[in-house]
Visitor: 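There's a structure below that I have some questions on.
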Amino acid sequence: MSPDSKPQSPGGSLLRRVADFFVNGNAVVITVLAFVSALVIGAIIVVLATPQATRAWGDLLARPGAALGASARAVAGAYGSLFVGSIGSPGSIARAIASGRASDFANAFRPLSETLVSTTPLMLAGLGIALAFRAGLFDIGGQGQLILGASGATLAGFLLPGLPQAFHLPFAILAGAAFGAAWGFIPGVLKARTGAHEVITSMMMNYIAFNLLTWLLTTELYQAPPRDQTVSKTVAASAHLPLIAGQGLRVNLGIVLAGLIAFGVSWLLRRSTLGFRFRMLGLNREAARVAGVDIELHYVLAMTFAGLLVGLAGAFMILGVDFRLSPSYGGTIGFDAITVAILGRGSPLGVALSALLFGAFDAGGRTMQVNTGIPLQLVEVLQAVLVLFVAAPGVIRTIYRIRVARSGRRVFGGWAG
Amino acid sequence: MSLDPDSRVPDAAERLPGERPREPGGDFAVSLRDLAALRRRGLGVALFVLAAIDLLVFARGSRAGERTTFGLSALPGIPLPPLHLAVLPTVVVLGVLCALLALAQLLWKANRRTYLPLGVGLVLTGVAFLAWAGKGQTVDIEGLLMTSLIEAVPLTLGALAGLLCERSGVINIAIEGQFLVAAFFGALIGSASHDLWLGLLSGAIAGGLIGLVLAVFTITYAADQVIVGVVIDAFALGLTTFFLQSLLVPDQATLNSPSVFPPIGIPLLDRLPIVGPLLFNQNIFVYLTIAILIVVQVALFQTRWGLRARAVGEHPRAADTVGINVTLVRYRNVILGGIVAGIGGASFTIGSTGQFSSNMTAGLGYIALAAMIFGRWRPLGALGAALLFGFCDALQFALSVLNVPIPSEFLTMFPYLATILAVAGLVGRVMAPAADGRPYARE
């Protein structure tokens, strides 16, 4: 054990303890510093991509103020519209509350609504991948599980029109969960039976799912009637997730259910026997085996649960927002969910907060692109840098000269593990 | 220090040579002979399945009198007359050959080569498939092989990049990111400077820099190698698309339109039928790939350098004990791997399309990783896997011309299914370097 990880004495004045909290570093401090570092790197990238700013830096010696001013304007424009696009402008929110008109209200809260809409699948998929992390498994197949979940929910959604919503919606959600679980089950069972590493098998399952989707969208079963476009039939209204903030905003019951599911996963991991065994597996496989845990069975269960949760993410996207499948459905959400799970350090609460942050980034990024012309991908860079620093706290420790408790679990022990 | 991750690596003596690495102390001690027999039987069954596909699907689906024409000279070179094959006899003969191969595999106990019969079986089935699929039409064999080879170039280089890293014990999932960044800089520098060699050089350097980032995070700071790799890929995708949109798109003509390396014919040899245009009239990337392949193969297995690199990948503590600088070897190999992947990445722009577009590698970096595993962490195996994967991809285009009643998506799935089968141990032994993925810390 390194000397840094010495437990701190509980004594000392409150001030001293508060100082220790920040100086020694912990998960929160590391995350905040990583976030600051990501914003700094993002700012440099924005400046590099803004011609006015780079030109001003060209004659830095002649007019140093102009260079700094142009850079500051570019960065403030980018981050400002990220904020306005994800949370909303305080002014219009205040006006909406004062006037009380529904249209003002919808416009003022649209950014928040969009943030929550983007958060929903990230949270569910992130929870799935975090659950696998906790069991010592790296589920890199979120993309495929999400596609399968979306396909299952779509199928149930258009195949059974006319059912009452009370049956149809839960059925469609369950169908998505089942399809996703099946896609997670396969790498799990391969690992348990043959030792095939789940990173490779689940990654390959992504590409298989991707091709399966492309094919499904050409079949009579899925393809929308004139069959000239590669989109699926549309989910019947009785399987839609109800809107929760009025017709003008897309935010739907999905985010509420996702929050409840986060509590469920938290309970599962902290309070249930199954969750306890998952954690045993993640912390020390050998100890778990010696203690009598059927580790092969729990590999399968953990991957199936992970697939189920990621499948739910796909189902909620279909049933809440998109209502039909299109080629390469889901974009990179299955991959982003991995970064959400890492940023959340595998804890359900952490995952929920990280998903909220990434959801805000996503919604804000779209506004930023429209308002300032800075490409949406700035957000991807910010997220990647943030997670890179969180995954390697030693780098933050070196940059900011703080002592960091050696913490965190090893997720991955090599292909052989 | 029993908690040190490194100490969990079982000693060579503990682990049977043929055993898939399992958790030490597990009750999986299958004897070497059992495993070899199991593998031989598995391969025999796989070959029988191929034979059955030949005879039951292809042969039953063809009638006497049907013919397929194999075009052999789509490219310049001494022309060969096209080959006219009667479908039914061809398919039956190939199917029977495949069945005989399966039988030999099951009965001949001394046979230890598992990949050679598999390769032969796959080729037999492939030819039978083409004969069946191209009934009454012309299959452009040479064009098919050409496309496979072009597709295989970045895959081989990516797989070699992964192999260089993993042989020294660092998992490189960042190949995709190295491809993208190198493709980007290859196009940008090659276009802005009007010098393709400068473009190639900057692509290689860009790949090497990503390798350096991977090395710093995973070796010096011991961060999780797979996580860092995945995040680097996301970073590279975001960064290249960001600068494509903000810098290159407004000025495509000067910043994103490099020329493309022209093919270089090797005198006389390029006149040979079939192999001439395929192997001796290609652009610099094909020759570079062959050269790098040979260098890596020889360096890893015939030199002291390679022995040291492999020792670090298998048992870093032992290597450290005899005085090898584990950190240095790992840094060197990861950066070298990045450079190799960078050359592969540059081929996407200045080797073929001549323009960078968003996410243009489309996951080929991950497929290169699969090729490395399918090729069992060996350079020649990686080449074989890359050619097979490239062929599947090329076939997809050929089939869309031929009107085959198989959705092309299922063919595209083949490399992924094959990789899953390979890591599941159904065909041959797939074993990673023992310390792959484990950071090393001195005591």
Side-chain angles (χ1 to χ4, degrees), chain A residues 1 45 48-51 138 140 186-187 190 193-197 199-201 203-208 211-212 214-215 218 285-286 289-290 295 332 335-336 338-339 342 373-385 387-388 391-395 398 410-417, chain B residues 3 5 8-9 20-26 166 169 171 173 216-218 220-228 230-235 237-239 241-247 363 366-367 369-370 373 407 409-410 412-413 415-417 419-420 423-426 431-432 434-438:
Chain A
M1 298 290 259
I45 291 170
L48 282 176
T50 311
F138 198 136
I140 210 167
I186 297 170
L190 281 171
R193 284 269 167 215
T194 70
H197 205 286
V199 166
I200 298 299
T201 49
M203 186 192 292
M204 296 301 121
M205 295 297 282
N206 281 344
Y207 293 103
I208 294 173
N211 283 296
L212 195 67
T214 318
W215 174 72
T218 64
R285 226 162 261 187
E286 273 322 294
R289 192 197 289 282
V290 171
I295 68 171
T332 59
F335 264 115
D336 296 342
I338 299 173
T339 48
I342 299 166
I374 294 170
L376 173 64
Q377 283 75 21
L378 174 67
V379 164
E380 288 175 29
V381 176
L382 287 176
Q383 291 172 353
V385 174
V387 174
L388 202 56
V395 178
T398 308
R410 267 223 99 58
V411 168
F412 192 63
W415 298 131
Chain B
L3 282 175
R8 289 190 286 123
V9 181
R20 210 193 327 282
R22 294 270 189 182
E23 289 77 15
E166 301 211 356
I171 292 173
I173 302 255
V216 169
F217 277 83
T218 60
T220 303
Y221 291 103
D224 192 288
Q225 296 173 358
V226 173
I227 286 181
V228 172
V230 168
V231 177
I232 285 181
D233 289 337
F235 174 74
L237 176 60
L239 196 71
T241 309
F242 178 83
F243 280 115
L244 172 73
Q245 305 283 354
S246 56
L247 289 183
Y366 295 111
I367 302 178
L369 191 79
I373 292 165
E409 288 85 10
F410 287 97
T412 323
M413 282 181 201
Y416 316 120
L417 283 172
T419 306
I420 289 181
V423 290
L426 297 187
M431 200 160 91
D436 206 6
R438 297 199 162 98

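Protein chains get the first letters and strands the later ones, always in sequence-line order, with residue 1 at the start of each. For the numbers below, each heavy atom of this structure counts, side chains included, while hydrogens, waters and symmetry mates do not.
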Visitor: Does the Gln225(B) side chain pair with the main chain of Thr218(B), one donor and one acceptor, at a distance under 3.5 Å?
Guide: no

Visitor: Select one option (side chain, backbone, both, neither) describing which atoms of Phe335(A) are under 4.5 Å from chain B's heavy atoms.
Guide: side chain

Visitor: Any side-chain heavy-atom pair from Phe242(B) and Ile45(A) closer than 4.5 angstrom?
Guide: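 Counting from C-beta outward, Phe242(B) and Ile45(A) do come under 4.5 Å.
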
Visitor: Please flag which part of Val230(B) lies under 4.5 Å from any non-hydrogen atom of chain A: side chain, backbone, both or neither.
Guide: side chain

Visitor: So, using side-chain contact (heavy atoms from CB on, under 4.5 Å) as the criterion, who are the partners of Val395(A) when residues are at least two apart?
Guide: Phe389(A), Ala392(A), Ile399(A), Phe217(B), Tyr221(B)

Visitor: Check each atom of Leu247(B) against the heavy atoms of chain A and say whether the ones under 4.5 Å are side chain, backbone, both or neither.
Guide: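 For Leu247(B), side-chain heavy atoms alone lie under 4.5 Å from chain A.
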
Visitor: Pick from Thr214(A), Thr50(A), Ile338(A), Thr332(A): which one has the most heavy-atom pairs with chain B under 4.5 Å?
Guide: Thr214(A)

Visitor: Non-hydrogen atoms of chain A under 4.5 Å away: do they reach the side chain of Leu244(B), the backbone, both or neither?
Guide: neither

Visitor: Apply side-chain contact (heavy atoms from CB on, under 4.5 Å) to Ala234(B) and list each qualifying residue two or more places apart in sequence or on a separate chain.
Guide: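 Per chain and number, Ala234(B) pairs via side-chain contact (heavy atoms from CB on, under 4.5 Å) with Ala384(A).
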
Visitor: Identify which part of Leu48(A) has an atom lying under 4.5 Å from any heavy atom of chain B, answering side chain, backbone, both or neither.
Guide: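 Contact with chain B involves both backbone and side-chain atoms of Leu48(A).
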
Visitor: For the CD1 atom of Ile208(A) and the OG1 atom of Thr201(A), what is their distance to the nearest 0.5 Å?
Guide: 9.5 Å

Visitor: Please classify the contact of Tyr366(B) with chain A as side chain, backbone, both or neither, using a heavy-atom distance under 4.5 Å.
Guide: both

Visitor: So which heavy atom on Tyr416(B) is nearest to which on Asn211(A), and how close?
Guide: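 Answer, listing the atom of Tyr416(B) first, then Asn211(A): CE1-ND2, 3.8 Å.
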
Visitor: Heavy-atom pairs under 4.5 Å with chain B - which of Val379(A), Val385(A), Leu378(A), Leu212(A) has more of them than the others?
Guide: Leu378(A)

Visitor: Please determine, among Thr241(B), Asp233(B), Thr220(B), the option with the most heavy-atom pairs under 4.5 Å with chain A.
Guide: Thr241(B)

Visitor: Check whether Asp224(B) reaches the backbone of Ala391(A) with its side chain - one donor and one acceptor, N or O, closer than 3.5 Å.
Guide: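 No, because the side chain of Asp224(B) does not come within donor-acceptor range (under 3.5 Å) of the backbone of Ala391(A).
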
